[in-house]
S.K.: 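Please read through the structure below; I'll follow up with questions.
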There are 2 protein chains.
Amino acid sequence: MTVTSVHDPSHREALWELEDAFERGDLVSLFGRCTVSYEGRAASDLGAGDRLLVLKPDGAALVHTDEGRQPVNWQPPGSEHHAAVREGRLRVRSTRSNPDETLTVRFSDVHQLSAMAVTGGRDLDLHGSEEDLRTRILERPDLVEAGFEPRETERPSSAGPMDVFGVDADGTPVVVELKRRRVGPDAVGQLARYVRALREELGIEDTEEDEYSDRDAPAVRGVLVAPSVTDRAAERLADRGFDHVALDPTPEE
Amino acid sequence: MTVTSVHDPSHREALWELEDAFERGDLVSLFGRCTVSYEGRAASDLGAGDRLLVLKPDGAALVHTDEGRQPVNWQPPGSEHHAAVREGRLRVRSTRSNPDETLTVRFSDVHQLSAMAVTGGRDLDLHGSEEDLRTRILERPDLVEAGFEPRETERPSSAGPMDVFGVDADGTPVVVELKRRRVGPDAVGQLARYVRALREELGIEDTEEDEYSDRDAPAVRGVLVAPSVTDRAAERLADRGFDHVALDPTPEE
DNA sequence: TGCTTTATGTCGCAT
DNA sequence: ATGCGACGTAAAGCA
């Protein structure tokens with residue numbers, strides 16, 4: 001069983017850990033000083049305070065204070081968790097539709113973040129699918145592109161394990177990020193982190209901060225493998241010079 | 001703000017952290033593999049599984065799995081948390097009366113334990129009382145015993161900070177543990193840990209494992225200051241050669 | 001998806 | 001303490 005946990009992480013580190021935890025389907029416990037706002041069937045706002053945020057892989061979100069059996073704010077199962085850093089601060093947002101409801105937690109300090117992989121049934125289907133996608137690519141690397149050679153899976157990096165690492169026909173390092181379903185801009189951000197980490201590791205100067213010119217061919221390439229991408233995600237991919245390969249976890253039957 | 005967190009602690013380490021956390025009035029988040037049994041208004045038993053146990057200073061206990069907004073088992077606020085190691089395994093029990101209800105969580109593995117001090121109002125009263133007790137003793141050390149000299153408060157040790165450290169009339173080191181109300185055997189265990197830690201630190205051979213003869217005068221003394229003790233606690237105190245001083249946090253008015 | 005009933009409901013407020 | 005009603009009730013069973 002795997003538990004990752006970070007003590008007093010930076011907001012950006014917390015973001016990375018959170019995104020990875022969402023990806024793995026982990027049960028997350030996050031402690032920190034935050035404000036909470038909810039809008040939906042009713043509306044509420046909570047001022048700054050130390051609280052415990054629990055994020056479940058089934059979409060449930062719970063904000064607990066030091067008192068009471070009930071969470072002070074929550075989101076029911078079936079919601080979608082999103083994490084981002086806005087103005088340097090970690091923001092976790094959980095949304096659902098029918099009815100439309102949004103829970104937003106803005107952290108001023110993140111004191112402790114733990115993510116635990118839970119032995120559960122529901123998850124196996126999902127993970128199975130991404131597993132399938134990886135297996136498919138390892139068996140037929142040309143599905144990514146002609147001449148691609150996988151070298152390693154779950155290759156460790158300072159930004160966490162990358163799904164597939166390999167080289168292209170020119171011998172250029174390639175980071176491949178796998179997603180089992182249609183993805184938004186978040187996935188591009190995740191891929192970018194791995195690419196950046198690998199560039200640093202290889203001692204390659206990164207292009208300017210938050211700017212990505214397609215003038216210099218990047219010494220590390222990024223490829224996002226997913227059935228499809230949203231428009232915004234496609235823009236980001238283009239901005240950073242990454243490629244998208246449209247591929248389903250399972251071959252059409 | 002203070003967060004203590006341990007990754008993959010031993011059952012005994014987890015116990016220490018838990019007891020200290022209860023003492024401090026912390027909000028506790030505990031990840032691990034466990035079985036859960038509840039008896040009260042209804043009854044239930046859960047087999048082994050990875051779960052998140054949340055323990056609040058107001059007595060609420062929540063057992064969460066990876067699914068659902070509701071805890072799979074719980075105990076309402078006003079309950080009392082107790083931690084112990086039984087057969088080498090951490091056991092957390094939360095009980096309340098009216099109606100009589102007991103929640104028992106038995107861990108086979110503790111993966112992650114975090115305890116956070118929460119800025120709250122209700123807590124200040126409690127801590128204030130223990131603060132009072134300490135102040136009283138520092139102002140009138142003879143209340144502990146004639147010739148007692150306090151040397152340090154919150155003195156750090158490998159078993160955590162001890163409430164008051166000092167020396168007696170003979171110059172023998174004394175560890176004083178303060179409790180604001182009647183205590184059970186748990187408090188004696190906590191005092192014993194501090195004494196043992198200090199003995200180790202001072203390079204003093206401990207008496208035999210789990211055996212305490214009153215033949216050799218102990219090189220480090222333990223004194224429990226509390227309004228009163230239970231019978232079982234008194235037994236344990238006697239076994240280990242510790243003293244009890246009956247003292248209220250506030251002088252009778 | 002929508003409706004009905006149950007719950008270790010919880011929680012607040014009244015007596 | 002007990003009784004009563006409200007809740008962002010949640011969750012399960014069923015049409």
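Chain A is the first sequence line, chain B the second, and so forth, proteins listed ahead of strands; every chain is numbered from 1.
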S.K.: Going by the salt bridge (Lys or Arg N to Asp or Glu O under 4.0 Å) test, which pairs reach into residues 223-236 of chain A, not counting sequence neighbours?
M.R.: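 Sorted pair list comes back empty.
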S.K.: When rounded to the nearest 0.5 angstrom, what distance separates CG in A:Asp50 from CG in A:Asp66?
M.R.: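 Interatomic distance, A:Asp50 CG to A:Asp66 CG, rounded to 0.5 Å: 9.0 Å.
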S.K.: Roughly how far apart, to the nearest Å, are D:dC4 and D:dG8 at atom P?
M.R.: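 So the two P atoms sit 22 Å from each other.
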S.K.: Hey, are A:Ser228 and A:Arg182 close enough side-chain-wise for a donor-acceptor pair under 3.5 Å?
M.R.: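 On atom types as modelled, these side chains qualify, holding a pair under 3.5 Å.
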S.K.: Listing time: all N or O pairs from protein to nucleotides 12-15 of chain C that are below 3.5 Å?
M.R.:
none

S.K.: Is it true that the side chains of B:Arg69 and A:Gln70 contain a donor and an acceptor less than 3.5 Å apart?
M.R.: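 Short answer, yes.
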S.K.: Determine whether the side chains of A:Glu39 and A:Ser37 contain a donor N or O and an acceptor N or O closer than 3.5 Å.
M.R.: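 Short answer, no.
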S.K.: Provide, to the nearest angstrom, the distance between the CG atom belonging to B:Asn73 and the P atom belonging to C:dA7.
M.R.: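 Value for this atom pair: 16 Å.
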S.K.: Applying ring pair (Phe, Tyr, Trp, His ring centres under 6.0 Å), can you list everything that pairs with A:Phe22, at least two apart in sequence or on another chain?
M.R.: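 Result, ring pair (Phe, Tyr, Trp, His ring centres under 6.0 Å) vs A:Phe22: A:His81.
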S.K.: Give me, pair by pair, the N or O atoms of the protein and of nucleotides 1-4 of chain C that are less than 3.5 Å apart, along with how far apart they are.
M.R.:
none

S.K.: Check whether any side-chain heavy atom of A:Leu46 lies under 4.5 Å from a side-chain heavy atom of A:Arg51, and answer yes or no.
M.R.: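 A:Leu46 vs A:Arg51: side chains touch.
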S.K.: Using whole Å, report how far CG of A:Leu62 lies from P of C:dT10.
M.R.: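 Going from CG in A:Leu62 over to P in C:dT10 covers 16 Å.
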S.K.: If the C1' atom of C:dT8 is compared with that of D:dC14, how far apart are they to the nearest Å?
M.R.: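 Between the two C1' atoms, the distance is 25 Å.
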S.K.: Atom OH of A:Tyr38 to atom P of D:dT9: distance rounded to whole Å?
M.R.: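 It works out to 8 Å between those atoms.
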S.K.: Taking atom CZ of B:Arg140 as the centre, report whether more than 12 heavy atoms of other residues, nucleotides or ligands fall under 6.0 Å from it.
M.R.: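 No, the 6.0 Å shell around CZ holds no more than 12 heavy atoms from other groups.
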S.K.: Run B:Asp58 and B:Lys56 through salt bridge (Lys or Arg N to Asp or Glu O under 4.0 Å) and show every step you take.
M.R.: CA-CA 5 Å; B:Asp58 72 347; B:Lys56 299 194 178 191; over 6 Å; no
S.K.: Could you tell me whether the side chain of B:Leu133 reaches within less than 4.5 Å of the side chain of B:Leu247, counting heavy atoms only?
M.R.: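 In contact.
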S.K.: Who passes side-chain contact (heavy atoms from CB on, under 4.5 Å) against B:Gln190, sequence neighbours left out?
M.R.: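 Applying side-chain contact (heavy atoms from CB on, under 4.5 Å) to B:Gln190 gives B:Glu19, B:Asp20, B:Glu23, B:Glu177, B:Lys179, B:Arg193, B:Tyr194.
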S.K.: Strictly under 4.0 angstrom, non-hydrogen atoms only: write out the protein contact profile of nucleotides 10-15 of chain D, one letter per nucleotide from the 5' end, B, S or -.
M.R.: SS----
